[in-house]
Every structure is written in structure tokens, then in C-alpha cells.
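Here it is, the structure in full.
One-based numbering along the sequence shown. Side chains included, hydrogens not; waters and symmetry mates left out as well; all remaining heavy atoms used.
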Amino acid sequence: MKRDIKDVCSRVIVIDDNPDIFEVFCEILCKENHPHTLAEIETDLFGHNHSPYPAGSSSMFNFELVYASQGQEGAERIWQACEEGNPFSLAFVDMRMPPGWNAIETIKHIWKIDPYIQAVICTAYSDYSWEEIVRHLGLTDNLLILKKPFDPAEVSQIAIAMTTKWVLAKQVAMKMHDLEEMVKQKTGELMIAKEQAEKANQSKGDFLATMSHEIRTPMTGVIGMSEILLNTPLNEEQKNYVEAINTSSEVLLTIINGILDFSKIEAGELELESAPFDVKKAVEDVVRVLNLQAEKKGLKLSASFLPKTLPLVSGDFVKVRQIIFNLGGNAVKFTHEGSITIKVEMAAIDENIGHFHIDIEDTGIGIKPEVLDHIFDKFIQAGPDTTRKYGGTGLGLTITKQLVEMMDGSITVKSTPKKGTLFQVKLPLPLAVDMEPVAAVHADANKDETAPAYILLAEDNKINQKLVKVMLIKAGHKVDIVENGRDAVEKVKQTPYDLVLMDIQMPEMDGIQAAQLIRQEGFSHLPIIALTANAFAKDKEKCLKGGMSHFITKPLKQDELLSTISYWLDKREADIDLPWKGMLSDNKGHTRDKHVHKA
């Protein structure tokens, strides 16, 4: 059994070919021979209150001496002692021990066995200078030289001091070992916790993706059909009912999008686009949408710009517009009378960075001081009754702040209850010098001017089939419908379609597999537009790499669908660089093109 350090620290080995020397050491170091002398030396060295040993324990200086007549024998005893867990703390080694090892050789061997053991070379001659000894054994504080004949006090002091140092070194080693074990244990626990967190995060992501798909699919029917119904002859009462359905659907979609955006930001999956755009247009889009709500409440919504003509910037147009829309939407929601103003100023230009200040100020209900400090926290509303009265998830401002910070900007708020609120956003946006703004795919499309096209719809949901078919037929297009990817591939091979609308999740063969097969068949310029209820960036990337030309997220909007179709009908013969292009190369490095019907 391994003994405690304080029990083994007094073990000393004397390695000398003269047994009389061993007797001398016993005479000097055995406490019963002169107990008072050793106690005095201990006190001189450490004082009464500075011993490295536990208070109340017996003195360490009742040495246990062991004898070895040669270096090899001494090394064997030291090895055996280590194996038994009963090591020596100090070795007195004679310099000359013919015919075996001398002190230098012996110490080399015993330090290989036990690097902690203290060593004292005992010599009556100047066999080696200190420089030579250091050259052979290295410069270490584990080694001393003791000249013969011995002075008893010097031997005692050396034994006490070096044994004490051995104890301290062992204690440090044990502490380090304990710390290493603790670190190892904690690291293991952290790794397990990390794996569990990653699994939980993955499960959350999978759950959100599934729920997104399952909720968005039926919402396509609700929103789409209500939009179509609004464009049919209705009496005033019927129109009011349909508008209520449509508005409720839009509110539900806003909540779903907010939760998904928040989840994407938390998971680090939300990426910012970088393209030239006009900040003024982003604000004007928001004003155009919110103005209807503001007019219904009798509010004045206005926007001003300084300078009046703002330069183009490079960044994420959609996300900048979302920031302004979230803040402007809140201002309209929480204002019952008065006005909402949006002020945009480019305060400075620094190294081609435009520093934009965007203020959204209202004369609404304001925010209480005790809530103001937490207004950007998730699921926080302005008051306990706010959710019931105004609706919402309490994620809008959280998402807004995170988007602003992703763009290296900042957002602050000032508010006075019953008088109004001012949100101030600062965004540093790179100037897009000598570049034209990149319009959205459907920005300038006019569905009334689009020539009729022959379109294949691959969709397994009956309601969505009916919805898209109605949208397309009303726009003058001809439509064929299949319910799975396998049938879609066969129909494309047989029929000269102008464009394919492809659902992603279908039985037998999904949309991405179908798109890949269509591309491999040589249809390089046939537009294939993905229709999916999955709204994550990785889903979009997967679609584009898998052979799709474009990506529309459900629920489908009639204007977006038709303008996207119009855009890609115009682009179908252009050599657009898309991620899937490489899969069409044949052995000669050329792409194969099959028929493309022209409307």
C-alpha cells in the first residue's frame, strides 16, 4: 500500500563501498543519538511556525537509513522502493566505489529511476570540478557536494534541507497531478455537455425545419386562396370576411417568420447578403406597406432623407428593410394618434464607409422605465397586458438588435410613457461606388406583359396544386401537374416545357433528385424553380446546388410567383452561372442542350 509523504520523507540511502561510512551517517542522523541537536537544527532552518509538515505531526527528522555498497546495488534498492510506494528522499553517494560505478554514473542511473530523489556526492578528493559534474549531470538544485571528513552539523543541515525540498517537490507534483486529473475530468464533462448541447441544437433545428414545413404548407392554401378570392366579385360583407382571413394569415406568418429568424440567428445559420442597394428605397418600401395601416388609424407616416439623394451602398437590402419595417411596424402598432416619422441621415463617410443614422420616432404609448432596459430581451413586451392587447411574440426587437449588430451597427431607444418612443439605429454600410443596384428577381416584372408559357408543376399537395394552377391559368399560362419527382423527369423528357415549378418534398422522388436528373439529361437552360416550405439558408443552398434555378418559400404569394416566372422566362437562354452548372459537362467539356420551347 502506498504510504503518505510525511511517513516516507525521512528515508535516506547511503551508497558507499566502506560500511564504516554508513555507521558515521547513522551516528549523525539517528535522532535517538542526539534528539536535541536535530530539533535545534529544524528550528534554525524553519522556525517554530514554518515547517512544511502538518501541525501536531511527529518530526520528519527521525531518519530511516539504508545501506548499499555499490552504485548498481543502490539503484536496485531505489527501484524496489519506488515499486513498493516507499521511495527514498535522499541519497548520499560516494564518489569512488571500485570496481563499480562512480558517483556520477550512479546518480545518472538513479535519476532515471526516480527524478525526484535528492543526491549528495561525498568525496575526499578533487576528482571532478563542479563544472565537470554539471557538464555530466546538468545544472540542478537536486545535487550537492559534501567534502570528507564530515562535519556532523553540516551533514544534518544538508539532510534536513534536502529532504524537506524533496517533500515540497512531491507535494507540488501531487497537486499538479490532482489538478491534471481535475482538468481531465472537467474537460470530459465539458465534452459530454458540448455533445449533448450540439445534439439538442440539432434536434431543435430539425424540429423547427419540420414544423416550418408542416405549418407553411397548409398556409400556402389559406393565404393563396384568400388572395385569389379577393380578386373575385364579392359583396362588401364577403370581402370583409376574406380580408379578415387574409390579415390573420399574414399575422400568423409574421409570427412564424420571427421565430424562425430568431432560431437561425441563435444557431448561427443566418447569413447576410452583399449587393448594391439604395437605402432610400428600403425606407420607401416600408412606408408604402405601413401607410395603409397608419391611414386606417388616422396617423401620419412620413420619411425624410439627408442628403435628399443618398449614394448606393453594399449590403443586405432585405435585412436592412426588415430592421426598418420591424421598428416602423411597432411604431404604428403602439401609436393611436399623432404621427410616425422615419429620418435617414448619412452622417459621415469614412474610408468608403457611409455611416447612416436611422431614427424612427412615434407619439405612441411609450415604454415604462422599468421595461426600457430589457426591451431588446427575447419575449419581452412593453407591459404585462401588451401581448393580449397588441399581439406578437416579443421577438421583433430582439431580432432587430441582432441584425443591427450583425452589420456592426448599434441601436438605442429613448421613451416617455404616454408621449412616445424614439429608436435610433446606426449602420456602417460600404459605399457601392460606380455600381448599379441589384433589383430583386421580381422587382420590375409585370405579369400582364408576360407571354403565355407552358409550365410543369410538380406538387403532391392537392390544395397547393389547385392554388398554383388557378394563379397560372389566370395569368394566361398552360399548366401540367405531376405529384412526384419521378413523373416530373419523364414529363420533361417528353414535353417542351418553358419552366418547371418543383416542390422539394414529394413521394417516390424528391424535388432535388428530380432536378439533378433533369440537368443530367441535358436541360441546361430550362428554369426550375423550387417551391419549398423549408425556410433555412441551408435549404436554399441545397436547392441551388442540386440543380434549381431559383427558390421560393411557401406560403406562395401570387405577385412573387408570377414575377419570378416572368424573370426566369426572360433569362432561360442566358448562360447564368449557377452552382449546378458543373454537373452538365460532358467528356469534351461542353454542356448538352435539349429542346426549350419558346412561348
Checklist line | Exam field: side chain N102 to backbone E105, donor-acceptor pair closer than 3.5 Å | finding: yes
Check: With W111, which residues qualify under ring pair (Phe, Tyr, Trp, His ring centres under 6.0 Å), at least two apart?
Finding: none
Check: Among L65, I117, I110, which residue meets the side-chain contact (heavy atoms from CB on, under 4.5 Å) test with F88?
Finding: I117
Margin query: Closer than 4.0 angstrom, basic N to acidic O: yes or no for D94 and K148?
Written below: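 Between K148 and D94 there is a salt bridge, with a charged N closer than 4.0 Å to a carboxylate O.
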Next item on the list: Evaluate the side-chain proximity of V172 to M176: yes if any heavy-atom separation is below 4.5 Å, no if none is.
Entry: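 SC-SC contact between M176 and V172 confirmed.
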Next item on the list: May I ask you to check whether over 12 heavy atoms, not counting those of E132, lie within 6.0 Å of atom CD?
Entry: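 Above 12, so yes.
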Next item on the list: Give me the ring orientation class for F150 and F25: parallel if the planes are under 30° apart, tilted from 30 to 60°, perpendicular past 60°.
Entry: tilted
Check: Does Q70 use its side chain to pair, donor to acceptor, with the backbone of A68 at less than 3.5 Å?
Finding: no
Checklist line | Y67 OH: over 12 foreign heavy atoms closer than 6.0 Å | finding: yes
Next item on the list: I would like to know whether D503 and K554 meet side-chain contact (heavy atoms from CB on, under 4.5 Å); could you show each step before the answer?
Entry: CA-CA 10 Å; D503 185 33; K554 295 176 181 178; 3.1 Å; yes
Check residues 181-189 and write down every donor-acceptor pair under 3.5 Å in which the side-chain atom is one partner and the other belongs to a residue at least two apart or another chain.
{"residue": "Q185", "atom": "NE2", "partner": "E189", "partner atom": "OE2", "Å": "3.2"}
{"residue": "T187", "atom": "OG1", "partner": "V183", "partner atom": "O", "Å": "2.6"}

Distance-only donor-acceptor hits, side chain of residues 12-23, under 3.5 Å, sequence neighbours excluded:
{"residue": "D16", "atom": "OD1", "partner": "N18", "partner atom": "N", "Å": "2.9"}
{"residue": "N18", "atom": "OD1", "partner": "D20", "partner atom": "N", "Å": "3.0"}

Next item on the list: May I ask you to test the Q505-T532 pair for a side-chain heavy-atom distance under 4.5 Å?
Entry: no
Check: Between the main-chain N or O of F376 and the side-chain N or O of T398, is there a donor-acceptor pair closer than 3.5 Å?
Finding: yes
